[in-house]
Each structure stands twice: as structure tokens, then as C-alpha cells.
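Down below is the structure, laid out as C-alpha cells.
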Amino acid sequence: MPWFFQSVRFRFGVIGLALCWLAATPAKAAHVLIVKASEAEPYTQAETALRNRLVELHHDVRSAVIKELEEKGVAAGVGNAQVVVAVGTPSARWLHKQLPANVRLVYCMVTNVENTGLLSGAESWGVTTDVTIAEQIRIISEALPRARVLGMLYRSDTPDARRGLEAIEQYLPPTWRLAAVAVNEHPSMAAAIDALIQKNVDVIWTTADQKVYDTASVRALLLAGLRGKIPVWGYSPPFVRAGALLGVGVEPRGQGAQAAEIVERLLAGQAGGADKAQPPREFQVAVNLIVAKQLGLEIPESLTRRAAYVFRPEN
């Protein structure tokens, strides 16, 4: 082969290798600050997955707890970070109000993102702990194939209440109907629960709405469900352990990994509207076979095998 063609082939080969190297290397290393709501284990697991991925991409990563930033002041705490990742709802809510305009906010392990205010005001991007309604209804249908009436408690005096009801109705199977009771229109939570039970619902659906549910209301609902032989859908594995029939929860490491992807796209200038509040790609099913036995229900084995948490009667 003439020397000229050999030289051209060599040059193109070098250029090709250089392009491949550039494609595999982040455009520019960035300073990223991870701010956890607390040292709770789920937040730490999410932080670890997030940090590992960002370090792999050669970013400079440091971590803090929100209390540290509150004590130091946001400017001193953030320092030279270009992106701050909030891990946990309290952290995301505080940072959304406090961060300087030139620092971008990403979040994970955040529930009820609309109620936190993250979808208005300063831009933020992240992944929520809210498993899609479609996925939740699909699991309920699999576990309770004869269910036709979905009951729920809500507050009619909140701005998003009507929209939330419409979203649920949108994903219900055609043969199902929604029976909703507004807790604020009753003298007490106990009275609202009694009103819901009287609607002859087949399953009671719950969501992580702090304006509706706290420790006392969860306990009251679970006791009423057992007395009325009505299964309760729990919004977290601890809720299922406490006495709900089944429910879902997120995998913290998956939350961290998904948030890292958002950070990288944001730094590359690729983040858009679709990234504002992503649902979790990974979630875990929880099943309480103790409650199933008390209610006289048989949970399909296919669902139990898939469940990450199965609470069984003691032998």
C-alpha cells in the first residue's frame, strides 16, 4: 500500500480513537454537593449510590446534612458547587428556597413533589418516591381480582385535591369506581374513616399525604380495616408491616443512581421538562400474609414471589 494511504489510514484511526475517548469522558468535571435530610439509613444508601456514580464520572463530590447548611448559611455550605443534590423531602424543600440562582438543584427520596413546591418557582429536577398510580392499581388488581370499589381519604380544601382525584380515576379499570371521603368535612378522622367504611369499599388506597396521614390516623385506619374486613393499600413497607395488606416502597440505591443520571444530563445541557419530577424506575412490593390470613384473603403466589418484603405468620 502506498505510504500516502497508509498515513491517511493511520491518521483516521488516531482520530477515531480520540473521538471514542471523548465520548466516554464527561465534557467537564463539576463540583457536586449532596445534602441529606438526616443520617437515616435510606438517605445514606441513596447518597452512597449517587456518590459512587458521580465519582466514576470524575466529578468532585462532597456531602453534608441539611442541619450543617442551616448552621453555616447556604452560601458557605454550598461553596463552589455547581449542582446540589437534595436527598429527602426536608432537604429539597429548604434548598429550593435557599439556593442561589446560579446553583442547580437535583433531588431524590422526595415524596408528594407537588406539595413541596418543587414544581413552581426556581427550576429543579429529580426523582420522586411516588410509584405511578398505574403501577399501584395494576398490583392491587393482581392481588384482589374481585375488587371493584377503591376507597380513599383526602382533603378537599387543598389546591391539588380535585386534580389528584381525577388522576386516580383516570387509571382505574373501566369496571371500577372511586369512593372518596374528605376528612376535613367530618368532625374527626375517626368519623371520616367510618364514613368511608360505610361506602362498602373493596380496598382502601392510601398515599403519603402528611395532611391526611400521621401515626394516629394510620393506626385508626388499619384497625377499622381489620374490623370491617377491608384490606388497606400501604404507601410504604413500614405501613404494610404495621397492618396494611400490601403496598410499595422505593429502593434508596435506585433513587440515588437515577438522580446521578439526571445530574449528568443536566451538566451536559440535556435536562428538560421531562426531568422535573421522574417517577422511580425501581420500586419494591410489600405483602403482609398475616393480615391476609386475618382477612381471609389469598395473595397470588406470583405476587408474593416478586415481593421484596413478605411478612409471614410465625410458625
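Looking only at atom types and distance, the side chain of Ser63 has a donor-acceptor partner in the side chain of Arg51 under 3.5 Å away. Checking Gln278 against Thr128 by side-chain atom types alone, no donor-acceptor pair falls below 3.5 Å. For the residue pair Gln170 / Glu166, no side-chain donor-acceptor distance below 3.5 Å is found, with atom types taken as modelled.
By the 4.0 Å N-to-carboxylate-O rule, Lys211 lies too far from Asp209 to be salt-bridged with it. A salt bridge links Glu123 to Lys276: one of the charged nitrogens lies within less than 4.0 Å of a carboxylate oxygen. Here Glu251 does not pair with Arg281 in a salt bridge; the nearest charged N to carboxylate O distance is not below 4.0 Å. Between Glu135 and Arg138 there is a salt bridge, since a side-chain N of the basic residue sits under 4.0 Å from a carboxylate O of the acidic one.
Contact of the Leu246 side chain with the Phe311 side chain is not registered, since no non-hydrogen atoms from C-beta on lie closer than 4.5 Å. Using a 4.5 Å cut-off on side-chain heavy atoms (C-beta onward), Ile230 and Val203 make no contact. Side-chain contact between Leu105 and Trp125 is absent, with no heavy-atom pair separated by less than 4.5 Å. No side-chain heavy atom of Val32 sits under 4.5 Å from any side-chain heavy atom of Leu50. In this structure, Val35 and Val85 have side chains that are not in contact, with every pair of non-hydrogen atoms separated by 4.5 Å or more. Taking 4.5 Å as the limit, some side-chain heavy atom of Thr44 sits within range of a side-chain heavy atom of Lys36. Put simply, the side chain of Ile204 reaches to within 4.5 Å of the side chain of Leu221, judged on heavy atoms. Here the side chains of Val103 and Val83 are not in contact, with every heavy-atom distance at 4.5 Å or above.
When the side chains of ILVMFWY residues are joined at heavy-atom separations under 4.5 Å, either directly or via intervening members, Trp233 and Trp176 end up in a single hydrophobic cluster. Following chains of ILVMFWY side-chain contacts shorter than 4.5 Å, one cannot reach Leu172 starting from Val149, and the two form parts of different hydrophobic clusters. Each of Ile193 and Val291 belongs to its own hydrophobic cluster when Ile, Leu, Val, Met, Phe, Trp and Tyr are linked at side-chain heavy-atom distances under 4.5 angstrom. When hydrophobic clusters are built by joining Ile, Leu, Val, Met, Phe, Trp and Tyr residues whose side-chain heavy atoms come closer than 4.5 Å, directly or via intermediates, Met189 is grouped together with Leu196. Following chains of ILVMFWY side-chain contacts shorter than 4.5 Å, one can reach Val285 starting from Leu289, so the two form part of one hydrophobic cluster.
Considering NZ of Lys97 and CG of Leu95, their distance stands at 11.5 Å, rounded to 0.5 Å. To the nearest 0.5 angstrom, Lys229 atom NZ is 6.0 Å from Leu295 atom CG. Note that OG1 of Thr304 and CD of Glu298 are 8.5 Å apart. Values are rounded to the nearest 0.5 Å. Note that CG of Leu33 is 6.0 Å distant from CG of Leu69, once rounded to the nearest 0.5 Å. To the nearest 0.5 Å, atoms CD1 (Ile137) and CG (Leu150) are separated by 5.0 Å. Atom CE in Met152 sits 6.5 Å away from atom CG in Leu178 (nearest 0.5 Å).
The backbone N or O of Leu54 lies less than 3.5 Å from no partner atom in the side chain of His59, so there is not a single donor-acceptor pair. Not a single donor-acceptor pair under 3.5 Å links the side chain of Ser91 to the backbone N or O of Ala86. In this structure, Gln82 contributes its side chain and Ala30 its backbone to no donor-acceptor pair below 3.5 Å. A distance-only check finds a donor-acceptor pair linking the side chain of Asn288 to the backbone of Val240 [under 3.5 Å]. Checked by atom type and distance alone, the side chain of Asp202 pairs as donor or acceptor with a backbone atom of Arg148 at under 3.5 Å.
Taking the six-membered ring for Trp and thresholds of 30 and 60 degrees, Tyr213 and Phe239 have ring planes more than 60 degrees apart, a perpendicular arrangement.
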Inset, instruction - For Ser302 and Glu142, run side-chain hydrogen bond (donor to acceptor under 3.5 Å, both in side chains): C-alpha distance rounded to whole Å, both residues' side-chain angles, the deciding distance at 0.1 Å, then the answer. - result: CA-CA 9 Å; Ser302 58; Glu142 181 180 354; 3.1 Å; yes
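Counting all heavy atoms, side chain and backbone alike, His96 lies closest to Ala122 at NE2-O, 2.8 Å. Taking every heavy atom of both residues into account, Pro231 and Leu245 meet most closely at CB-CD2, 3.5 Å.
No option in Trp205, Tyr235, Tyr171 other than Trp205 meets the side chain to side chain contact (heavy atoms under 4.5 Å, CB included) test with Gln136. Checked options Thr129, Leu118, Thr116; the residue passing with Thr89 is Thr116 (criterion: side chain to side chain contact (heavy atoms under 4.5 Å, CB included)).
Applying the salt bridge (charged side-chain N to carboxylate O under 4.0 Å, His left out) test to every pair with at least one member in residues 169-188, sequence neighbours left out, gives these pairs: Arg162-Glu169.
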